[in-house]
Amino acid sequence: MKSYEYSPYDDRTQTLRQIDKYNASFRRVPASPLIPRPITLSESTGPVELPRRWNAGKLDLSRVAENGPRAVGQLIRVSGRVTDEDGSPAAGVVMEIWQANAAGKYVHAMDDHAAPLDPNFIGQGRLVTDEDGRYEAFTIKPGAYPVLYSGWWWRPPHIHFSILGLSWMNRFITQIFFPGEPLNETDLLLNGVPSGSLGNDVRERLIFEHGDTVMGDLSYINFRRDFVLRGHRRTPELA
Amino acid sequence: MKRVVSPCNTTGPYFPREFSDGNEDLTRRDGATARGEHIILAGRVLELEAKPTWNMVLEIWQADANGVYRHPLDPRSAEVDPGFWNWGRARTNQDGWYRFRTVLPGGNLRIPHINCAVLGIGLTRRLVTTIFFAGNMGAAPDPVLDCVVDPELRRRLIARRDPSLDADGAAGYGFDVILRGEGETPFFVD
Ligand SMILES: [Fe+3]
């Protein structure tokens with residue numbers, strides 16, 4: 001088992017905690033400064049057995065039943081690789097994915113948007129990364145949707161990713177956007193990433209790369225996104 | 001060359017309820033029941049002006065009753081309680097309440113504690129804190145609790161015995177998470 005060192009997140013690489021017009025951030029982000037603390041065994045361990053708890057495996061969000069009808073929308077395949085800061089694979093970790101359907105509607109009690117549900121689309125599921133840290137899932141391209149509670153704006157198409165990670169410290173949650181979407185320009189959460197040269201790189205890393213198109217019995221478009229989890233290998237101690 | 005860590009972002013409002021449901025109970029695993037003292041850890045997650053939140057997600061990570069983590073870094077991991085999940089997740093209901101069933105953690109060189117993370121709308125990054133237990137504070141120092149200097153802030157990290165939360169033979173402990181405003185919960189650098 002590798003032992004990792006964790007540094008606090010570098011703010012230049014991360015989305016701002018408080019974003020102008022994203023009202024909820026001003027009601028929920030603590031006003032007091034965060035308190036520095038050391039990392040002990042308690043924080044550097046974490047839930048490595050979740051794949052077994054949830055029996056997670058392969059993921060196809062584009063239909064409800066195997067061999068059932070596909071959901072309405074553009075069939076896509078999202079894939080990529082999850083690594084740590086040293087580039088070694090985050091193997092066998094659970095990834096949770098959720099998203100709106102092609103009309104921009106979530107299967108969720110809190111979604112008041114007057115768009116139709118799709119009986120062939122649930123829009124959520126889990127998978128486990130392989131020994132090389134790779135993931136893949138078939139799904140449909142989500143639609144845009146309006147935010148009805150925190151100011152008013154339209155969210156561009158995006159897919160939410162949650163990675164349980166190798167330890168408590170590198171648990172990771174984000175959302176990934178599609179290239180070339182006009183609504184990307186005005187999205188509060190995508191543009192909540194700091195600007196500047198490093199900032200621009202950061203924003204890019206919240207957007208899928210448009211991959212190749214696949215033609216065949218199953219035709220779809222590839223979208224790729226790699227993830228880097230916090231944590232780098234501890235330098236081995238000399239005897 | 002070191003790679004740059006990916007940017008976190010918010011779960012948004014629609015974190016699937018199904019991802020939480022069933023994970024609030026850490027005390028049953030593979031048909032076995034967790035050893036140690038079963039407890040209910042419950043409370044409300046409140047935003048500014050003590051308004052309740054809905055569908056905020058809490059994740060916890062803790063040692064079993066003997067202080068063991070099911071993880072290769074813990075030298076005692078082979079002794080871990082087969083009936084216990086060290087990890088759990090719950091969500092707040094419309095009144096802001098969350099509720100876990102777990103065990104009182106053992107020490108493992110620290111004051112017994114539960115790591116807690118809050119995720120949800122308004123938070124582009126998770127918030128992390130550590131929950132200790134009244135009556136289980138011991139005399140030893142704790143490297144994390146020691147970082148909280150103000151005694152009032154330290155008090156806010158201690159779950160209190162609350163018999164009104166007792167259920168099914170488990171002793172209730174109350175711990176409200178106040179994200180912002182009066183009585184704000186201390187959170188740690190993540
Ligand atoms: Fe969303």
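Chain A is the first sequence line, chain B the second, and so forth, proteins listed ahead of strands; every chain is numbered from 1.
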**Request:** Please assess Phe19(B) against Arg126(A) for the test side-chain contact (heavy atoms from CB on, under 4.5 Å), listing each intermediate value before the final yes or no.
**Result:** CA-CA 9 Å; Phe19(B) 284 173; Arg126(A) 294 185 171 115; 3.7 Å; yes
Next item on the list: Carefully, step by step, assess Arg3(B) and Asp86(A) under the rule side-chain contact (heavy atoms from CB on, under 4.5 Å).
Entry: CA-CA 6 Å; Arg3(B) 300 188 182 196; Asp86(A) 291 317; over 6 Å; no
Practice prompt. Report the C-alpha distance between Leu179(B) and Val29(A) in whole Å, list the side-chain angles of each, state the deciding distance to 0.1 Å, and finish with yes or no for side-chain contact (heavy atoms from CB on, under 4.5 Å).
Written response: CA-CA 6 Å; Leu179(B) 298 172; Val29(A) 174; over 6 Å; no
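In this structure, Tyr69(B) and Leu41(A) have side chains that are in contact, with non-hydrogen atoms separated by less than 4.5 Å. No side-chain heavy atom of His160(A) sits less than 4.5 Å from a side-chain heavy atom of Thr11(B). The closest side-chain heavy-atom distance from Val189(B) to Arg37(A) is not below 4.5 Å. You'll find the side chain of Arg29(B) reaches within 4.5 Å of the side chain of Glu49(A), heavy atoms only. Taking the side chain as every heavy atom from C-beta outward, Val128(B) and Glu43(A) never approach each other to under 4.5 Å. Counting heavy atoms from C-beta outward, Pro186(B) and Pro30(A) have side chains that stay 4.5 Å or more apart. Looking only at side-chain heavy atoms (C-beta outward), Arg125(B) and Ile173(A) stay at 4.5 Å or farther from each other.
Distance alone, capped at 3.5 Å, is enough to place a donor-acceptor pair between the Gln175(A) side chain and the Thr10(B) backbone. Under the 3.5 Å distance criterion, the side-chain polar atoms of Glu184(B) are matched with a main-chain donor or acceptor of Ala31(A). Between the Glu85(A) side chain and the Val4(B) main chain, no donor and acceptor come within less than 3.5 Å of each other. A donor-acceptor pair under 3.5 Å is formed between the side chain of Tyr22(A) and the backbone N or O of Gly122(B). A donor-acceptor distance shorter than 3.5 angstrom exists from the side chain of Arg205(A) to the backbone of Val5(B), with no hydrogens or angles considered. Under the 3.5 Å distance criterion, the side-chain polar atoms of Arg28(A) are matched with a main-chain donor or acceptor of Ile121(B).
With respect to chain A, the highest number of heavy-atom pairs below 4.5 Å among Ile178(B), Leu127(B), Asn115(B), Val144(B) belongs to Asn115(B). In terms of heavy-atom pairs under 4.5 angstrom with chain A, the leader among Glu59(B), His113(B), Lys51(B) is Glu59(B). Counting heavy-atom pairs closer than 4.5 Å to chain B, the top-ranked of the candidates Gln18(A), Arg53(A), Met110(A), Arg171(A) is Arg53(A). Across Pro36(A), Ser7(A), Gly123(A), the residue that shares the most heavy-atom pairs under 4.5 angstrom with chain B is Pro36(A). Of the listed residues Gly12(B), Ala63(B), Ala117(B), the one with more heavy-atom pairs under 4.5 angstrom with chain A than any other is Ala117(B). Of the listed residues (Thr15(A), Ile122(A), Thr45(A)), the one with the most heavy-atom contacts under 4.5 Å to chain B is Thr45(A). Counting heavy-atom pairs under 4.5 Å between each of His108(A), His232(A), Arg155(A) and chain B puts His108(A) at the top. Ranked by non-hydrogen atom pairs under 4.5 Å with chain B, the options Tyr6(A), Phe26(A), Tyr9(A) are led by Tyr9(A). For the set Gly120(B), Cys116(B), Gly181(B), the count of heavy-atom pairs under 4.5 angstrom toward chain A peaks at Cys116(B). Ranked by non-hydrogen atom pairs under 4.5 Å with chain A, the options Tyr14(B), Phe188(B), Trp54(B) are led by Tyr14(B). Annotation: maximal heavy-atom pairing with chain B below 4.5 Å, among Arg52(A), Arg17(A), Gln99(A), occurs at Arg17(A). Heavy-atom pairs under 4.5 Å with chain A peak, among Leu119(B), Asp30(B), Asn86(B), at Asp30(B).
Residue Leu73(B) comes nearest to Ser44(A) through the heavy atom pair CD1-O, 3.4 Å, listed as atom of the first residue, atom of the second, then distance. Between Cys147(B) and Pro38(A), the shortest heavy-atom distance links the atoms SG-CD, 3.5 Å. Annotation for Pro16(B) and Gln124(A): closest pair CB-OE1, 3.3 Å, computed over non-hydrogen atoms. For Pro143(B) against Thr40(A), the heavy-atom pair with the smallest separation is CG-CG2, 3.9 Å.
Contact annotation for Phe172(A): only side-chain heavy atoms (C-beta onward) come within less than 4.5 Å of a heavy atom of chain B. Looking at Ala109(A), both its backbone and its side chain come within 4.5 Å of chain B, counting heavy atoms on both sides. With a 4.5 angstrom heavy-atom cutoff, Asn23(B) touches chain A via backbone and side-chain atoms both. For Tyr106(A), the part lying near chain B is the side chain, with the backbone staying farther off; criterion is any non-hydrogen pair under 4.5 Å. Neither the backbone nor the side chain of Asn170(A) comes within less than 4.5 Å of any heavy atom in chain B. Neither the backbone nor the side chain of Thr185(B) comes within less than 4.5 Å of any heavy atom of chain A. In this structure, no portion of Ile163(A) lies under 4.5 Å from any heavy atom of chain B. Contact of Gln62(B) with chain A is not made at all, since no heavy-atom distance falls under 4.5 Å. Of the atoms belonging to Ile114(B), not a single heavy atom falls under 4.5 Å from chain A. Using a 4.5 Å cut-off between heavy atoms, Ile39(A) makes no contact with chain B at all.
Going from atom CD1 of Ile35(A) over to atom CG of Leu145(B) covers 10.0 Å, rounded to the nearest 0.5 Å. Leu46(B) CG to Arg27(A) CZ: the interatomic distance, rounded to the nearest 0.5 Å, is 11.5 Å. Atom OG in Ser25(A) sits 9.0 Å away from atom CG in Leu123(B) (nearest 0.5 Å). Distance check, rounded to the nearest 0.5 Å: OG of Ser42(A) to CZ of Arg110(B) gives 5.0 Å. The CZ atom of Phe161(A) sits 11.0 Å away from the OG atom of Ser6(B) when rounded to the nearest 0.5 Å. The structure places CD1 of Ile176(A) at 8.5 Å from CG of Asn9(B), a figure rounded to the nearest 0.5 Å.
Asp190(B) has a carboxylate O that lies under 4.0 Å from a charged side-chain N of Arg230(A), or vice versa, which qualifies the two as a salt bridge.
Heavy-atom contacts from other residues, nucleotides or ligands closer than 6.0 Å to CD of Glu152(B) number more than 12. At most 12 heavy atoms of other shown residues, nucleotides or ligands fall within 6.0 angstrom of atom CG in Leu109(B).
By the 30° and 60° cut-offs, the orientation of the rings of Trp98(A) relative to Phe15(B) is perpendicular.
Between Trp54(A) and Trp87(B), the ring centre distance stays below 6.0 Å.
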